[in-house]
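In this chain, numbering begins with 1 at the start of the sequence shown.
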Amino acid sequence: MNLGKWDLDFDDQILARGRRYYEEGRVLELVRDEDTDTWTADVEGSEVYHVSVTLTGDETELLVYSCTCPYSGAPYCKHTAAVMYAMEEDADRTAHDETDFLSAEKLCTLPKEQLAELLMELCEAYPDAGDWINARLAPKDEVVSHYRNLIHASAYACMHRGFISYRDMNRALTGAETALLYLQDHLSQTDDLLLAVDFAHMVLVETMAILNCGDDSDGGVGYIIEQTLEEIRHLYELQIADAPSAEQRTFFERILSIAGSDLFRGWDHWNAELLDICIEIADEQPDLRSRVLQLHEEDMRRCEQDRSSYSSSYRLESAQKATYELLCRWKDAQSAQQFLLSHPENEGFRQILIQQYRDAGRFQEAIDLCTSAEKAAREARYPGTERQWKALRYDILSQMGNRSTMIALGQELLLDGDGAYYQKLKALIPKEEWAQRRVQLLDQAESSNRSLYESLILHDRDTARIIRYVRAHPSWIYEAYQPLVSEYPDDVRNIFIRQILDEAVRASTRPMYQDICRHIALLHQVSGAQAAASLIAQLRLKYRRKPAFLDELGKISSEG
């Protein structure tokens, strides 16, 4: 396929927008019809548009473009440009696949001198290839430094002003990928276990350095780190899990030193993978357990010194939880319980303690913990968390049978937006008081929480309140019409029509026109064909210069 200089058919600005669309993956299902030599694809823009490109001619192919979008500002649109970039990539990939690659058999037929000469020419033309050959031929004590240089070379070549952009990240990682392959293919089975661990450590250090100075939106850096950690786990399972104690201890020291460094600071899930290996070794060798616990204590101290953000608080709670789990695993129950009691500010610990108190019938202590948790969440401005603790306190009050406090708290939770407490309050409040209390609750909800109020009056089918409310908020008619139709048919029809006419004034795109037509279909269902037909005629007359709108109105007319 010869696309020629197709880009000359497009304005520069359109090309730039088309390139962005292509790189964002907006070109869907590029398909070629070999009989007509036509390429088609859907492109995601403000809508999904269909693009076709037909190739005609012999050696110099001519291109015929077509797109369903309404663009008319330049010869061709950005959607078509995006498809051309996709076709260009497909053509390059096809040509690459058809190339006659050099085979190992062909190389084996060459004289040694000629092969050496070719390799030297290759290294002069492509210095990276020379670095790779030097790394592959390096003695064991130099392997780590040679592959470190490979990682540096590819990263620095793509760095601009100290940063690696998203566009350049894949090239920047070629050295790290080469090192990872060497670790997987040559070091995972080696007898020199410490070399393999040191090599993996080097890959982690250098790859984290790339992560800290680049855009890894595509996840390439994270993938290399996770694969390297998987290789460390692989080394442990194959060579250390059942090895003599001395070898396990040596491996433990190496891995613990990595986990205890600042390498994965802020990336705790990666550090946890290393710590899991240390924990498994310490399970078998009790004298090593204090080392792991000490590391957790140091991590907690660092987190306690920095509580400036939600992430640091989350890290502290995670470190406390990990320590508690290890105490349960390695120490007696009393030590674990003492640790739990010494950190009641930890949300997870609070929940454990509250459940313990509830099981023991110590309800007031459970309520006190809930109340302190609510206060902490309120001061931290976490309203969702505060509501969760209130809901838990309500459950405890229910367990105690404290009706009056449950009613007060239930009203708070209801007006905070949890409609489930409406029925709970109805069951708690005496029947003779409910009617008056209901009016008070609904009035409060109407002034403070619109969505709650809507759901409550719809649930009760309170038509007097619904019609009053929908007159003030006509856009709600599409959700609220059902209980009103039999009692207020004229109001429903008039509100429907007024709301649809208001929507038509603001509509400017086909999706908005389609929404209006769906509402007209609903009007037809609610108020009859005559009301819908009359409205359609009014809209056709008023918006006769909007062909897309007329087209959608025509569809609903033919369907109805």
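- E284 and Q248 share no side-chain donor-acceptor pair at under 3.5 Å.
- You'll find the side chain of Y166 stays beyond 4.5 Å of the side chain of M169, heavy atoms only.
- Atom CH2 of W6 is separated from atom OH of Y85 by 4.5 Å, given to the nearest 0.5 angstrom.
- Summarising the geometry, atom CG belonging to L414 is positioned 11.0 Å from atom CG belonging to L409; distances are rounded to the nearest 0.5 Å.
- Put simply, the side chain of N449 gets close to the backbone of L452: a donor and an acceptor are under 3.5 Å apart.
- Residues F252 and I240 form no side-chain contact, since every pair of their non-hydrogen atoms from C-beta on lies 4.5 Å or further apart.
- Of all the heavy atoms in A319 and M300, the pair that sits closest is CB-CG, 3.7 Å.
- Within the 4.5 Å cutoff, no side-chain heavy atoms of L316 are placed close to those of R302.
- Side-chain atoms of V205 and I258, non-hydrogen and from C-beta on, never get closer than 4.5 Å to each other.
- Side chain of D299 to main chain of L295: no donor-acceptor pair is present (N/O by atom type, distance under 3.5 Å, no hydrogens or angles).
- Side chains of E280 and Y236 form a contact here, defined as non-hydrogen atoms less than 4.5 Å apart.
- Considering only heavy atoms from C-beta on, W267 comes within 4.5 Å of L211 through its side chain.
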Review item, side-chain donor-acceptor pairs of residues 217-229, under 3.5 Å, at least two apart:
from: S217; atom 1: OG; to: D215; atom 2: OD1; distance (Å): 2.4
from: T228; atom 1: OG1; to: I224; atom 2: O; distance (Å): 2.8

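- More than 12 heavy atoms of other residues, nucleotides or ligands sit less than 6.0 Å from atom NZ of K424.
- For the pair R20 and E24, the salt-bridge criterion is met [side-chain N within less than 4.0 Å of a carboxylate O].
- Between atom CZ of residue F10 and atom CZ of residue R17 there is a gap of 13.5 Å, rounded to the nearest 0.5 Å.
- H234 NE2 to L187 CG: the interatomic distance, rounded to the nearest 0.5 Å, is 11.5 Å.
- Under the salt bridge (charged side-chain N to carboxylate O under 4.0 Å, His left out) criterion, the residue pairs touching residues 242-258 are D198-R254, R249-D287, E253-R291, with sequence neighbours excluded.
- In this structure a side-chain-to-backbone donor-acceptor pair under 3.5 Å is present from R26 to E44.
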Would you tabulate the side-chain donor-acceptor contacts of residues 388-398 under 3.5 Å, counting partners in other chains and residues two or more places apart, or write 'none'?
from: K390; atom 1: NZ; to: E412; atom 2: OE1; distance (Å): 2.9
from: R393; atom 1: NE; to: E374; atom 2: OE2; distance (Å): 2.7
from: R393; atom 1: NH2; to: E374; atom 2: OE1; distance (Å): 3.0

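- Between A282 and V292, the closest heavy-atom pair is CB-CG2, 4.4 Å.
- Taking CD1 from I255 and CG from L235, the interatomic distance works out to 8.0 Å, rounded to the nearest 0.5 Å.
- Using cut-offs of 30° and 60° on the angle between ring planes, the pair Y49 and H79 is tilted.
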Practice task
Walk me through it: do V48 and V43 pass the test side chain to side chain contact (heavy atoms under 4.5 Å, CB included)?
Solution key: CA-CA 6 Å; V48 176; V43 180; over 6 Å; no
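- With no hydrogens or angles considered, no side-chain donor-acceptor pair links D368 and T371 at under 3.5 Å.
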Enumerate donor-acceptor pairs with a distance under 3.5 Å from any side-chain N or O in residues 327-341 to protein atoms, sequence neighbours excluded.
from: R329; atom 1: NE; to: D283; atom 2: OD1; distance (Å): 3.2
from: R329; atom 1: NH2; to: D283; atom 2: OD2; distance (Å): 2.5
from: W330; atom 1: NE1; to: D283; atom 2: OD1; distance (Å): 2.8
from: D332; atom 1: OD1; to: Q334; atom 2: N; distance (Å): 3.1
from: D332; atom 1: OD1; to: S335; atom 2: N; distance (Å): 3.0
from: D332; atom 1: OD1; to: S335; atom 2: OG; distance (Å): 3.3
from: D332; atom 1: OD2; to: S335; atom 2: OG; distance (Å): 3.1
from: Q337; atom 1: OE1; to: Q356; atom 2: NE2; distance (Å): 3.3
from: Q337; atom 1: NE2; to: Q356; atom 2: OE1; distance (Å): 2.9

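- Side chains of D168 and R171 form a contact here, defined as non-hydrogen atoms less than 4.5 Å apart.
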Only pairs under 3.5 Å count here: list side-chain donor-acceptor contacts from residues 415-423, not counting sequence neighbours, and write none if there are none.
from: D418; atom 1: OD1; to: A420; atom 2: N; distance (Å): 3.2
from: Y422; atom 1: OH; to: R438; atom 2: NE; distance (Å): 3.1
from: Y422; atom 1: OH; to: D460; atom 2: OD2; distance (Å): 2.4

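- A176 approaches T207 most closely through the heavy-atom pair CB-OG1, 4.1 Å.
- Between S372 and R350, some side-chain heavy-atom pair lies under the 4.5 Å cut-off.
- Without hydrogens or angle criteria, T174 side chain to N170 main chain gives no donor-acceptor distance under 3.5 Å.
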Donor-acceptor list for residues 146-159 side chains, cut-off 3.5 Å, not counting sequence neighbours:
from: R148; atom 1: NE; to: E206; atom 2: OE2; distance (Å): 3.4
from: N149; atom 1: ND2; to: S145; atom 2: O; distance (Å): 3.3
from: H152; atom 1: NE2; to: E206; atom 2: OE1; distance (Å): 2.7
from: S154; atom 1: OG; to: I151; atom 2: O; distance (Å): 3.3
from: S154; atom 1: OG; to: A172; atom 2: O; distance (Å): 2.9
from: S154; atom 1: OG; to: G175; atom 2: N; distance (Å): 3.0

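- In terms of heavy-atom proximity, V27 sits nearest to V83 at CG2-N, 4.2 Å.
- To the nearest 0.5 Å, atom NE2 of residue H343 and atom NZ of residue K321 are 15.5 Å apart.
- Side-chain N/O atoms of Q364 and Y357 include no donor and acceptor closer than 3.5 Å.
- Using modelled atom types, one finds a donor on one side chain and an acceptor on the other under 3.5 Å when comparing S245 with Q285.
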